[in-house]
Amino acid sequence: MDELEERLLADDSATGYIDNILARLDAETGLEALDFVLEHLPTFVDTSAYAAFSAAMEPEAALAQMEKNSELLMADETGAATQMVASDPLGLKEVIMDGMLEGAASGRTLVGGHFFCPDSSVALAWLAPAFASSDSQTARRFAKQLEKTAAAFEAEHPEVHILAHGAPLASVANASRIRADLMLTVGVSLVLILILIGFFFRSAGFLLKQLLPIAYGVAFALACIYWIHGSMSLMALGISAIVLGVALSYCLHVTIHHFSTGDPEKMLRDEASPVFFGCLTTVGAFCSLLFTESSLLRDFGLFASMALIGSTFYALVFLPHFMPKRRVDADSPQFRRVVRLNNMPFDRKGWFLALMGAIVVVGIAFAYRVGFDSDLRNLNYKNDALVEAETLFNAKNNDGYTHLYYATVSTDLDEALLADKQLMPVLDSLKEAGLVHAYSDVAPRLFVGLDEQRQRIDAWNAYWTPARKAEAMTAVHRSAKACGVDPGMFADFEGLLEADYEEASLVESGVVPDNLMGNFIERNADGQYMVFTDVAMLPGDKDAVTEAVLASPKTMVLEPFYYCRSMVEVIHDDFNVAVWISSLFVLVILLLSFHNIVTALLSFLPMVVSWFMVQGYMALFGLEFNLINIVISTFIFGVGVDYSIFITEGLLAQARTGSGEMLSWHKVAIFFSAAILVIVVASLLFAAHPAIQSIGLITLIGMASTIMISYSLQPFAFRQLMKIPAYRRRVMS
């Protein structure tokens, strides 16, 4: 371990990623600590120790301790044991420091000053990074450097296996998995999309016409975000990539409709309104996220909105200039099959309508049973090395118990120490109740506030009366003579009893090394002192213990997931607000578009029903919303509204002109849009990261619901409405 520590620091000399490494307690550190304790002895003596002091001065106890002292003196080769015996012949230090060394080692075993797990089979060390936890780039470089050093060391020492785990390494593993998964899924989906377009359209120009608006939309969105507030969440940017599929839908409607008309101007007259209002409603759904308190949702909403505006603007303003003023033949057998498939009268098939009705009813019935997983640990990915390290560490040290660190916090050190001491009875009661297995009380025993130190000095002076001092020295001299030890060597002990003591801060003394002090007390950048307490408990008792501990003043839990869970629950509540805002906005836009409340509600139908179906079938399949997939649910809203608007426009055109050509071409565009989106989303199912997988499955459920409703229930409802004379006259006018 010493050699590894030297290698790690040597390899880090040029980069400075490591602040310090705690791998051992030096003998020199122990002697310095002992000197400090002896100089300020009363400040380390709790009032409960004086009964043990009196017992130690009993003749039998004094004689037994002196026999131990005699053995130590005979075996002493360095003089350290002689010094310790001379200053403490009655073993009072054992009363004072009982359990503190074990506490300093956090329950580990000390062998030659080095930390080991309890069975001494694994040596332990703690490495403190010199970079901020949010600095992901530095963490990634540090992880590579650590991996390289460990690999080289293991090559030189084949009998040694090095394992490491911790928040920086977990963050790097998580980010690397996301990056690899996105490269895989995006690459696979891109290849499949190219094959799809090539198979049906056999035109490189067609593909280019789809990609240019998307590229323009992304550039436009990034430029807008730069000018609005200069930066955005990387997670929000990654999530937003899937929204570009909605933008692609508008481009497909423009280019595919040009197939049927051969006239860019006529294409614009037919498509400008549905594409514009489709974009407007989708942008409205995403803009509702701007009213939430979560920066992740706001960044996602802003990027998605700007990207849709930019790509739609390109599709309606620039793209028509690249279209020839002639009809483009798309008469391949494959394309004609797509047209025939989309022209099938799903809305006139009784069995299909009955099946859809049953599916919708079941989805709505279970919609309110869907849960929300606020634990971000369930969205984390850990590689094999991290899993191996954590599994071994827990097996060797924790015995199945979970360890959480709590901290008492204050800008005043004495207040933080007092709050930590007041926490001990709470933990003791939790231990008696069986909720806590064990906890470290070393901090309140070693580090005492100045006010309490003054009280302890007064108690010391009150206890050590002249008569009691004489009693102690008599017990020492009598037992020393009985064991053949020179009584004259205990002048130091007598000096301790006669000395005048003053309070002093162990934290500021410099006696405890920084890398060891950080296990107990730390001062953060805000000037606040944090006093730490390690608590062991069963995993199922974490919430109950944390709730009880946080009821104490100035206390916090040092687990990011606890506070992230609260943040995620806020996002969940925010999203519910966003759903109502976006729904109201979409309904208003539909009303302005169609100038008819019934037609607006008809177009609104797929979005509302598909939302309930998503929730219902998530509950049936045992799926839950989480931080990632709940954001993607806005994407489902956008797709649902867009498809329903195009279907409604086609139905209205068919009713007014008697020709179903526009409806047919809208369905063809919807088919290819949905096919591309399904390819993109389905590819996410093959990702190893759980968060990315959850996006794919839930989005597939939403898209399937939207398409089936738009192709069957929406046209069926329109035909029933057309049987009402008043509505028919309004539509035909």
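Model, not experiment: these values are computed from the prediction.
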**Prompt:** Do the side chains of Ile521 and Leu417 get nearer than 4.5 Å, heavy atoms only?
**Reply:**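 Leu417 vs Ile521: side chains touch.
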Treating [X] as the side-chain partner and [Y] as the backbone partner, does any N or O pair qualify as donor plus acceptor under 3.5 Å?
X      : Y      : value
Asp12  : Ile18  : yes
Asp526 : Gln528 : no
Asn461 : Trp464 : no
Glu503 : Asp451 : no
Gln422 : Ser552 : no
His40  : Tyr501 : no
Thr546 : Asp543 : no
Tyr529 : Thr408 : no
Asp414 : Leu450 : yes
Thr555 : Pro553 : yes

**Prompt:** Is there a side-chain hydrogen bond (donor to acceptor under 3.5 Å, both in side chains) between Ser410 and Asp412 once you walk through the steps?
**Reply:** CA-CA 5 Å; Ser410 176; Asp412 181 77; 5.4 Å; no
**Atom CD of Glu154 with >12 non-hydrogen neighbours under 6.0 angstrom** =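 More than 12 heavy atoms, drawn from other residues, nucleotides or ligands, come within 6.0 Å of this atom.
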